Amino acid sequence: MSTLLTAKQLSSQRAGRALFSDLSFTVQRGDVLHIEGVNGAGKSTLLRALVGLVQLQSGQIEFFPDAADDHDWRNQLLFMGHKAGIKAELTAIENLTLQAKLCGCAIDDAWQLLATVGLLGLEDVPAGQLSAGQQRRIALTRLWYSNVPLWILDEPFTALDTDGIELLQQRFAEHTAAGGAIIMTSHQLLTWTPTRLQRLRITGGDA
Amino acid sequence: MNDTSNWAAFTAVMRRDLMVVMRRRSDVLNPLLFILMVVSLFPLAVGPGPDILGRIAAGVIWVAALLSALLGSERLFRDDFLDGTLEQLTLLPQPLPLLAGAKIVVHWLLSGLPLVILAPLCALLLKLPAEGWLTLMATLVVGTPILSAVTAIGAALTVSLGRGGALLSLLLLPLFIPLLIFATGAVEAALMGTAAWPQVLLLAGLSLLTLLLAPFAVAAAIRVSVN
Amino acid sequence: MVFDNLQAFIAMGGYGFYVWLAFGISFAAIAVLVISGLTARRKLQREFVKEQRRQERLAQRKREVS
Amino acid sequence: MWRWLHPYAKPEVVYHLLGRWQPWLSITAALTLGLGIVWGLVFAPADYQQGDSYRIIFVHVPTAMFSMSLYIALAIAAFVGRVWQLKMADWGLAAIAPVGLTFTFISLVTGAIWGKPMWGTWWEWDARLTSQLILFFLYVGVLALYHAFSDQRNGAKAAGILAMVGVINIPIIRYSVEWWNTLHQGATLTVFERPPMATSMLIPLLVSILGFGLLAGALIVQRMRNEILRQELRRPWVKHVLNQDRATELSKTEQA
């Protein structure tokens with residue numbers, strides 16, 4: 001199975017205004033699909049619609065069309081939106097382990113993982129006392145321990161410093177090299193050039 | 001999905017919520033103090049004579065319980081909605097009603113159970129005659145799960161609105177009326193020396209029915225709210 | 001016709017106040033409902049005009065830019 | 001069933017279909033209701049026990065009847081909207097709720113007004129009045145929730161869930177209130193439980209029941225059409241409809 005996702009003729013409206021219409025694309029193993037567009041063009045809506053959080057007006061989304069068995073696609077993808085999904089009352093390490101438990105992932109060494117994303121020494125500080133970027137880093141540990149093929153990331157670089165962005169891009173490169181695919185939005189220019197990059201521009205609003 | 005992963009997700013949701021609340025004990029204590037204060041207002045308002053107080057005791061305790069359930073209900077999903085965990089819950093492969101059920105159980109553990117434990121003190125303050133105590137406790141044990149489950153529906157419906165408070169009471173209080181009627185009716189029957197178990201059984205049945213159906217309504221409401 | 005004259009009709013056998021109050025409130029409530037439906041349509045009309053102006057502005061801006 | 005429904009799920013088609021019904025429905029509603037009320041007020045004989053006060057029955061009973069069935073219709077619309085993802089059903093909910101609320105309000109108020117000369121009090125915690133009051137609260141909740149959302153599509157969905165929860169609760173509420181009423185042995189009120197009516201009273205009552213039913217239909221159709229326009233405001237066909245509206249209005253003002 002090399003095709004992870006096909007989307008056909010997606011159209012959406014929000015509050016009666018057309019956001020995008022007749023979007024079609026295919027994502028295959030190793031692909032990076034970079035969705036671009038101005039503020040309010042409907043990038044987030046598109047990503048949320050892909051995972052079923054928002055309903056579209058029309059269109060068809062199919063996950064893993066080549067898969068032989070009809071397994072649940074929710075197991076096979078990872079979505080991260082604007083909100084980090086981090087509990088302010090819990091420490092970094094608690095957030096990490098509970099999150100992993102929820103998705104049923106096994107972690108070898110949680111402390112090591114936090115060190116990888118640059119949170120060495122902050123493991124048992126309540127997340128509410130950390131900066132936005134640091135909270136984001138806790139959430140991003142999911143990209144290291146969950147081995148699902150398809151990542152759908154809405155502005156993954158938000159609040160990260162240059163080191164963080166660099167680190168994340170390295171992880172992206174590893175993921176695509178291993179046959180994973182990424183659908184993402186970002187206002188930041190990538191300093192890394194994926195081998196197979198697709199750009200999708202949403203003109204949005206009044207188009 | 002298999003049963004083990006469902007169970008793991010259920011306990012994971014419960015554990016996380018319990019851990020969060022343990023870091024913020026005041027959220028558990030405040031509704032209980034609220035009940036205690038409401039209960040102690042009544043002797044001051046209607047006079048401390050045991051005949052009046054004893055007659056209205058069960059009603060006062062139950063009304064206070066309803067109000068305190070509303071008081072804490074806004075927070076049931078608010079934080080999860082704001083920090084994005086609610087969104088992540090809906091994306092899990094496990095059935096959402098199951099996870100909603102976990103949240104209802106946690107809510108009951110943190111608001112219903114303490115209420116049951118606090119009830120004797122309230123009954124004492126309101127001079128409830130001894131014949132009614134056992135029945136009052138029984139109605140609280142079987143009735144508070146309804147409170148938690150229905151509150152969860154309302155909280156899930158209004159979580160994305162930001163200002164839930166007054167609206168939430170408008171939605172939920174009519175649905176609590178049968179609970180209030182049967183619970184206080186049971187205690188009254190006990191005080192008059194007639195059998196109270198039919199009402200308690202009825203409440204238990206309602207409780208089961210609510211616990212069975214409410215998770216589905218909560219799940220549907222969550223899906224609307226994260227939209 | 002069970003009433004002899006208009007006065008008897010209005011008096012309603014002594015229950016005039018209650019009968020006419022009940023009918024009056026009912027009529028008023030239904031009238032409010034009907035009128036609110038009509039004004040809602042009027043309001044939609046206004047909103048629609050506003051929307052059209054907005055789109056004209058957008059189109060104009062586009063022409064200026066290009 | 002679903003296939004047959006499908007063409008009607010197109011908002012434009014429904015709008016024009018309802019537009020064809022609306023004048024006929026409104027006219028027959030006005031005529032039937034007028035006939036029923038005038039008959040009840042002027043031609044029906046006075047009651048031998050309650051005198052002329054019983055004439056309140058001609059608004060009280062029809063509105064009380066429909067207040068309940070409209071809530072059930074509300075829940076059915078919500079159910080259809082959820083299961084078949086029919087947005088038209090969601091909009092129907094927004095059209096039915098205000099009508100149901102008004103009918104409940106009327107039955108409640110007329111019941112209280114009727115109670116004053118009969119029981120000597122404006123409000124009695126009678127089982128029927130009480131459950132009607134709770135029904136009123138349920139309606140208020142559904143409408144308040146619907147209007148609390150800025151996005152009406154979400155509002156309709158949320159209100160629909162609440163309506164379904166409410167409709168499951170209605171029998172429980174009714175039963176509990178009746179039980180509560182007998183427990184506390186309130187006044188045994190017989191105003192609403194009448195012996196079989198004389199035909200001369202029954203016929204105008206049936207006519208006004210029919211009239212109120214038609215009225216509910218006409219009002220719902222009116223609101224449904226508004227709702228369709230509101231939801232589809234930026235679609236080309238709505239532009240066409242509203243432009244036509246404006247043209248006829250302008251020509252009217254010119255004539256005047």
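Hydrogens, waters and symmetry mates are skipped; everything else that's a heavy atom, side chains included, is used. Keep in mind that this is a model prediction, so the values were computed, not measured. Letters A, B, ... are given to chains in the order of the sequence lines, protein chains preceding strands, and every chain is numbered from 1.
The most heavy-atom pairs under 4.5 Å with chain D, out of Ala28(C), Ser36(C), Gly14(C), come from Ser36(C). Of all the listed residues (Val32(C), Ile30(C), Leu44(C)), the one sharing the greatest number of non-hydrogen pairs under 4.5 Å with chain D is Leu44(C). Heavy-atom pairs under 4.5 Å with chain C were tallied for Ile106(D), Leu219(D), Ile113(D); the largest tally goes to Ile113(D).
Summarising the local packing, CZ of Phe105(D) is surrounded by 12 or fewer heavy atoms from other residues, nucleotides or ligands at distances under 6.0 Å. The 12-atom threshold is exceeded at CH2 of Trp123(D), counting heavy atoms of other residues, nucleotides or ligands nearer than 6.0 Å. Taking a 6.0 Å sphere around NE2 of His240(D), one finds it holds 12 or fewer heavy atoms contributed by other residues, nucleotides or ligands.
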What's the verdict on side-chain contact (heavy atoms from CB on, under 4.5 Å) for Thr63(D) and Ser26(C), showing C-alpha distance, side-chain angles and the deciding distance?
CA-CA 10 Å; Thr63(D) 48; Ser26(C) 309; over 6 Å; no

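Smallest separation of non-hydrogen atoms from Gly37(C) and Asn226(D): O-ND2, 2.8 Å. The two residues Pro98(D) and Leu33(C) come nearest to each other via the heavy atoms O-CD1, 3.9 Å.
Using a 4.5 Å cut-off between heavy atoms, Leu242(D) contacts chain C through both its backbone and its side chain. When heavy atoms are compared at a cutoff of 4.5 Å, Ala44(D) approaches chain C solely by way of its backbone atoms N, CA, C and O. With a 4.5 angstrom heavy-atom cutoff, Ser53(D) touches chain C via backbone and side-chain atoms both. Both the backbone and the side chain of Leu41(D) come within contact range of chain C, each with at least one heavy atom under 4.5 Å from a heavy atom of that chain. At a 4.5 Å heavy-atom cutoff, Val38(D) makes no contact with chain C through either its backbone or its side chain. Of the atoms belonging to Arg223(D), it is side-chain heavy atoms, and not backbone ones, that fall under 4.5 Å from chain C.
How far CZ of Phe48(C) is from CG of Leu229(D): 10.0 Å, rounded to the nearest 0.5 Å. Distance check, rounded to the nearest 0.5 Å: CZ of Arg41(C) to CZ of Arg225(D) gives 5.5 Å.
Between Lys116(D) and the choices Tyr18(C), Phe17(C), Tyr15(C), the side chain to side chain contact (heavy atoms under 4.5 Å, CB included) rule is met once, by Tyr18(C).
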